[in-house]
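Data block below; observations after.
Numbers restart at 1 for each chain; the letters A, B, ... are given by sequence-line order, proteins then strands.
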Number of protein chains: 2
Amino acid sequence: MSTEALKQLFAKSGLKFTNQRYLVYRAMAEAKDHPSAETVWRRVRVEAPAISLDTVYRTLASFEARGLVTRVPGGGEEGRFDGDVTPHHHLVCLCCGSIEDFTMSGAGLDDLPESVAAWGQPRDAQVLVRGVCRKCLCKMEPVKPESEKRRT
Amino acid sequence: MSTEALKQLFAKSGLKFTNQRYLVYRAMAEAKDHPSAETVWRRVRVEAPAISLDTVYRTLASFEARGLVTRVPGGGEEGRFDGDVTPHHHLVCLCCGSIEDFTMSGAGLDDLPESVAAWGQPRDAQVLVRGVCRKCLCKMEPVKPESEKRRT
DNA sequence: GTACGTGCAAATTTTTTGCAGTATT
DNA sequence: AATACTGCAAAAAATTTGCACGTAC
């Protein structure tokens, strides 16, 4: 997204264009790992060493309120954010905390049962899968005989 | 569940039977509102005023590790727990934080696409719907601001 | 120029931990 | 008796807030 287009987007959302917001937005758009606020902070600090963590928190919160980023549920302790606001689902590793995307049909906003309408007004729907990712499964393997171990 | 049966369950999970655990377990089994640790604490204190919040945290954590309770994702800040460990889905109100259950088919562990198997080993799968519950929608109705966002 | 945005530091909130005494098996 | 559990208080981690200055519009 060009700087100009981003300026437009911010203006449309009622946000002034600042370097901090620009950097946070770019970091989120490029990130594929659903970073925490602190992780975003570490990344943008490369280009703007003076940016404060508070600003990153505030920026992400205002982005979230305007639908420019999403908060990923199930990450546990730390808040994790997603720059991809198109509908998709998440795989959360209970071991290392990594979060990955996946897609499947039949579980979107339009596929919810009528009972949901009685509850209120849904804003988003997603499948959340918690488990252990392959990398962590491998790390736990060592209990197995080495004949089966295929490691570095 | 009888006290005896619960004793068995704890023993099977490698947990000693204590009054604190008994009370926390019962509170979770009876709760239908996915309480936070602090809420559970307030409830069990009625019967055991001396129980500490730390113990509730530790107890819920050990229950969770043994699959006796589940942590509900998407609640945001506070950790929320669910005494119902059978597969079901959740509706989370972004306004008041209330969490309700709902059921639907086609989004269980057995319905996941193959891509998930490549990721690792899923432990549970659920649909998470975030939105605004009816009670909060009502509260917001009267506050229909006449002023649209002022565009400069 | 005005209102919003930012950095700093301190405050809040939620959850975890060390330790010594207590209760369960 | 051995070991796990609990309460207390303090610590840690994550996020928010008040305030004065700076910057976009």
Handout entry: Integer-rounded Å distance: D:dT6 P and B:Leu60 CG
Key = 12 Å

Practice task
Salt-bridge test for B:Glu47 and B:Arg26: reply yes if a basic N is under 4.0 Å from a carboxylate O, no otherwise.
Solution key: yes

Exercise for the section: Could you tell me whether a side-chain N or O of B:Arg80 sits under 3.5 Å from a main-chain N or O of B:Gly97, the two making a donor and an acceptor? Expected result: yes

Exercise for the section: Taking only the side-chain nitrogens and oxygens of A:Tyr57, find out if one of them lies under 4.0 Å from OP1 or OP2 of D:dT16. Expected result: no

Exercise for the section: Starting from P on C:dT15, measure out to CZ on B:Arg80 and report it in whole angstrom. Expected result: 11 Å

Practice task
Indicate the atoms forming the closest heavy-atom contact of A:Leu53 with A:Trp41, along with that distance.
Solution key: N-NE1, 3.2 Å

Practice task
Using modelled atom types only, decide if a donor and an acceptor are shared between the side chain of B:Arg43 and the backbone of B:Ala27 within a distance under 3.5 Å.
Solution key: no

Exercise for the section: Figure out the CD/P separation between A:Glu78 and C:dT14, and round it to whole Å. Expected result: 17 Å

Completion exercise
Rounded to whole Å, CD1 of A:Ile51 lies from P of D:dG22 at a distance of 18 Å

Problem - Distance in angstrom units between A:Arg66 CZ and C:dG5 C1', rounded - result: 12 Å

Practice task
Check whether any side-chain heavy atom of A:Met28 lies under 4.5 Å from a side-chain heavy atom of A:Pro35, and answer yes or no.
Solution key: yes

Handout entry: d(CG, B:Leu53; P, C:dT13) in whole Å
Key = 14 Å

Fill in the blank from the handout: Closest non-hydrogen contact found for A:Val132 with B:Arg123 is CG2-NH2, 4.0 Å

Handout entry: Side chain proximity check, A:Pro87 to A:Leu109, heavy atoms < 4.5 angstrom
Key = no

Problem - Residue met sooner reading DNA chain C from 5', once A:Val56 and B:Glu38 are mapped to nucleotides - result: A:Val56

Practice task
Please report how far the helix from C:dG1-D:dC25 to C:dT25-D:dA1 bends, comparing the axis fitted to its first five pairs with the axis fitted to its last five, to the nearest 10 degrees.
Solution key: 40°

Practice task
Give the intermediate values and the outcome of side-chain hydrogen bond (donor to acceptor under 3.5 Å, both in side chains) for residues B:Asp84 and B:His34.
Solution key: CA-CA 9 Å; B:Asp84 178 3; B:His34 313 84; over 6 Å; no

Practice task
Look at the side-chain N and O atoms of B:Thr55 and state whether any lies under 4.0 Å from the OP1 or OP2 oxygen of D:dT6.
Solution key: no

Handout entry: Side chain A:His90, main chain A:Ile99, donor-acceptor under 3.5 Å
Key = no

Practice task
Produce a footprint string for nucleotides 20-25 of chain C: one letter per nucleotide, 5' end first; B if the base is under 4.0 Å from any protein heavy atom, S if only the sugar-phosphate is, - if neither.
Solution key: ----BS

Practice task
By nearest nucleotide on DNA chain D, pick out whichever of A:Arg71 and B:Gln20 is the more 5' one.
Solution key: B:Gln20

Handout entry: Length of the CZ-P vector between A:Arg21 and D:dT23, whole Å
Key = 15 Å

Fill in the blank from the handout: Tightest non-hydrogen contact, residues B:Tyr22 and B:Leu6, listed as CD1-CD2, 3.5 Å

Exercise for the section: May I ask you to decide if B:Lys16's main-chain N or O and B:Arg21's side chain share a donor-acceptor pair within less than 3.5 Å? Expected result: yes

Scan nucleotides 9-12 of chain D against the protein and return all N/O pairs shorter than 3.5 Å with their distances rounded to 0.1 Å.
from, atom 1, to, atom 2, distance (Å)
D:dA9, N6, B:Asp54, OD2, 2.4

Handout entry: Length of the OH-P vector between A:Tyr22 and C:dG5, whole Å
Key = 19 Å

Exercise for the section: Answer with base, sugar-phosphate or nothing: what part of the nucleic acid does B:Ala50 contact at a heavy-atom distance below 4.0 Å? Expected result: sugar-phosphate

Problem - Closest heavy-atom pair and its distance - B:Val129, A:Ala125 - result: CG2-CB, 4.0 Å

